[in-house]
Amino acid sequence: MTEMRRYDVIVIGGAAAGLSGATALARSRRAVLVIDSGEPRNAPSDGVHNYLGHDGLPPDRLMAKGRAEFTGYGGEIREGSVSSVTRLPDDAFAVTLRDGGVAEGSRILVATGLKDELPDIPGLAGRWGRDVLHCPYCHGWEMRDRAIGVLATGPLAVHQASLWRQLSKDVILFSHTMADLDLSGHDIEVVDGVVTAVETHDDHLSGVRLADGRTIARDVLVVSPVMRARADFLKDLGIEPVVQEMDGHLIGSQIPAGPTGATDVPGVWVAGNVSGLMETVIGAAAAGLRAAVAINGDLIMSGK
């Protein structure tokens, strides 16, 4: 990649938040470049849910439709990963890719999402997004009435188990590393003991193995990953993820921002899960649109 012309906006991240914002800007006749690594967080999932008009659509098909819409308005897409973003003397930005290419933009929208760090349990990672899950709103209906296990790793374990209990009568909460779990009034069985592995049969989750040798049959296992913002490339601008904790337990990190996604660094916005751990796909898309409206207005006020 050689050095590119200057764009009005460079969008880093080409999933729901990034493409939504990029499309709105392109429709406002802005010169927009999307840089996308092609590693969406929801890639293992069979379908996107609670996205009005697109329920069940596979993530890659949703992104393909979004890309086609964006490029149809004149937007450009570059495959690659960003290594750094730096301020230029005229207050624009230089975006450097890992392959050495550089692009310049008057404004930056970061929509790179999160990286899920799963508990270090053998067999768990290979089932992620299939029958090892996190969000009941993303996958709950599809897993209704099955034998569901919830792995307690943090303060939200009881709440998480109660959400899944809406979807199935057969829910077990594995205490794992958490003690003194209070499930009074929830009608949920608790199984004590550290979980040491998940077992499969015919490419399906079949059970949860405990340190004492027991295996508890389950069709689904719910876990809470540590969700870390993918934003290390912003450190040269002084923007770094802020750790998020609950009751002393690490739950993730995110980039702090205002209601429209504006960061403390003028000219840089964020949208989607990189700045909101709990955003669903449709929420991330809405955040991208809000940021785009703010960015376009900022460009107009600056005479661009």
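For reference, positions follow the sequence shown, starting with 1. Reckoned from all heavy atoms, side chains included, excluding hydrogens, waters and symmetry mates.
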**Q.** D90 bridged to R6 by N-O distance under 4.0 Å
**A.** yes
Can you find a heavy atom in the side chain of [X] that is under 4.5 Å from one in the side chain of [Y]?
X	Y	result
Y51	L62	yes
V95	F233	no
V110	L234	yes
P225	H134	yes
R230	V274	no
V222	F174	no
T263	W269	no
M227	K115	no

Could you pull out all residues at least two apart from [X] that satisfy side-chain hydrogen bond (donor to acceptor under 3.5 Å, both in side chains)?
X	result
R67	D36, E79
T153	none
D264	none
D203	R127, R130

So which heavy atom on [X] is nearest to which on [Y], and how close?
X	Y	result
G21	A292	O-CB, 3.3 Å
H186	D182	CD2-O, 4.4 Å
P136	L167	CB-CD1, 4.1 Å
V32	A22	CG1-CB, 4.0 Å
L237	V268	CD1-CG2, 3.9 Å

Q | Derivation and outcome, side-chain contact (heavy atoms from CB on, under 4.5 Å), residues E69 and L19 | A | CA-CA 9 Å; E69 290 173 0; L19 285 175; over 6 Å; no
Q: Go through the steps to decide whether E189 and L173 satisfy the test side-chain contact (heavy atoms from CB on, under 4.5 Å), and finish with yes or no.
A: CA-CA 6 Å; E189 179 184 355; L173 179 59; over 6 Å; no
Q) Passes side-chain contact (heavy atoms from CB on, under 4.5 Å), L210 versus T196? Steps please. A) CA-CA 5 Å; L210 302 174; T196 58; 5.7 Å; no
Q. In a check of side-chain contact (heavy atoms from CB on, under 4.5 Å) between L25 and each of V293, V9, L289, V34, which one passes?
A. V9
Q | Residue of the set I188, D187, V220 for which side-chain contact (heavy atoms from CB on, under 4.5 Å) holds with V171 | A | I188
Transitively linked via ILVMFWY side-chain contacts under 4.5 Å: [X] with [Y]?
X	Y	value
I77	I35	no
W164	I172	no
V226	V223	no
L151	L118	yes
V11	Y73	no

(Q) I'd like to know if the side chain of Q160 pairs up with that of S224 as donor and acceptor (distance under 3.5 Å, no hydrogens or angles considered). (A) yes
Q. Does a side chain donor of either D236 or T86 reach within less than 3.5 Å of an acceptor in the other side chain?
A. no
Q. Can you name the residues that form a salt bridge (charged side-chain N to carboxylate O under 4.0 Å, His left out) with D247, not counting sequence neighbours?
A. none
Just distance, no hydrogens or angles: give the donor-acceptor pairs under 3.5 Å from side chains in residues 275-286, sequence neighbours left out.
unit_1: S275; atom_1: OG; unit_2: G272; atom_2: O; d: 3.3
unit_1: T280; atom_1: OG1; unit_2: G283; atom_2: N; d: 3.4

Q: State whether the number of non-hydrogen atoms from other residues, nucleotides or ligands found under 6.0 Å of R87 atom CZ is greater than 12.
A: yes
Just how far is it from atom [atom1] of [X] to atom [atom2] of [Y], taken to the nearest 0.5 Å?
X	Y	atom1	atom2	answer
I10	I108	CD1	CD1	4.5 Å
S175	L181	OG	CG	6.5 Å
D91	S106	CG	OG	10.0 Å
D60	K65	CG	NZ	12.5 Å
C138	H49	SG	NE2	8.5 Å
N50	D55	CG	CG	6.5 Å

I'd like to check the side-chain contact (heavy atoms from CB on, under 4.5 Å) partners of [X]; sequence neighbours left out, ordered by chain and number.
X	answer
V194	H176, A211
T96	S83, S84, V102
D120	none

Look at the side chain of [X] and the backbone N and O of [Y], then say whether any donor-acceptor pair between them is shorter than 3.5 Å.
X	Y	value
R78	L33	no
D8	A31	yes
S168	R165	no
S206	E199	yes
R209	V198	no

Q: Kindly determine whether V190 and L183 satisfy side-chain contact (heavy atoms from CB on, under 4.5 Å), including the steps that lead there.
A: CA-CA 8 Å; V190 178; L183 279 97; 3.5 Å; yes
Which donor-acceptor pairs under 3.5 Å do the side chains of residues 40-47 make with protein atoms, sequence neighbours left out?
unit_1: R41; atom_1: NE; unit_2: D116; atom_2: OD1; d: 3.2
unit_1: R41; atom_1: NE; unit_2: D116; atom_2: OD2; d: 2.9
unit_1: R41; atom_1: NH2; unit_2: D116; atom_2: OD1; d: 2.9

Only distances under 3.5 Å count here; give the side-chain donor-acceptor pairs of residues 139-150 to other protein atoms, sequence neighbours excluded, each with its distance to 0.1 Å.
unit_1: R144; atom_1: NH1; unit_2: W141; atom_2: O; d: 2.7

Could you give the side-chain donor-acceptor pairs of residues 294-304 under 3.5 Å, partners two or more places apart or in another chain?
unit_1: N296; atom_1: OD1; unit_2: R30; atom_2: NE; d: 2.8
unit_1: N296; atom_1: OD1; unit_2: R30; atom_2: NH2; d: 3.3
unit_1: D298; atom_1: OD2; unit_2: R107; atom_2: NE; d: 2.6
unit_1: D298; atom_1: OD2; unit_2: R107; atom_2: NH2; d: 3.1
unit_1: S302; atom_1: OG; unit_2: R107; atom_2: NH2; d: 3.2
unit_1: S302; atom_1: OG; unit_2: D298; atom_2: O; d: 3.3
unit_1: S302; atom_1: OG; unit_2: L299; atom_2: O; d: 2.8

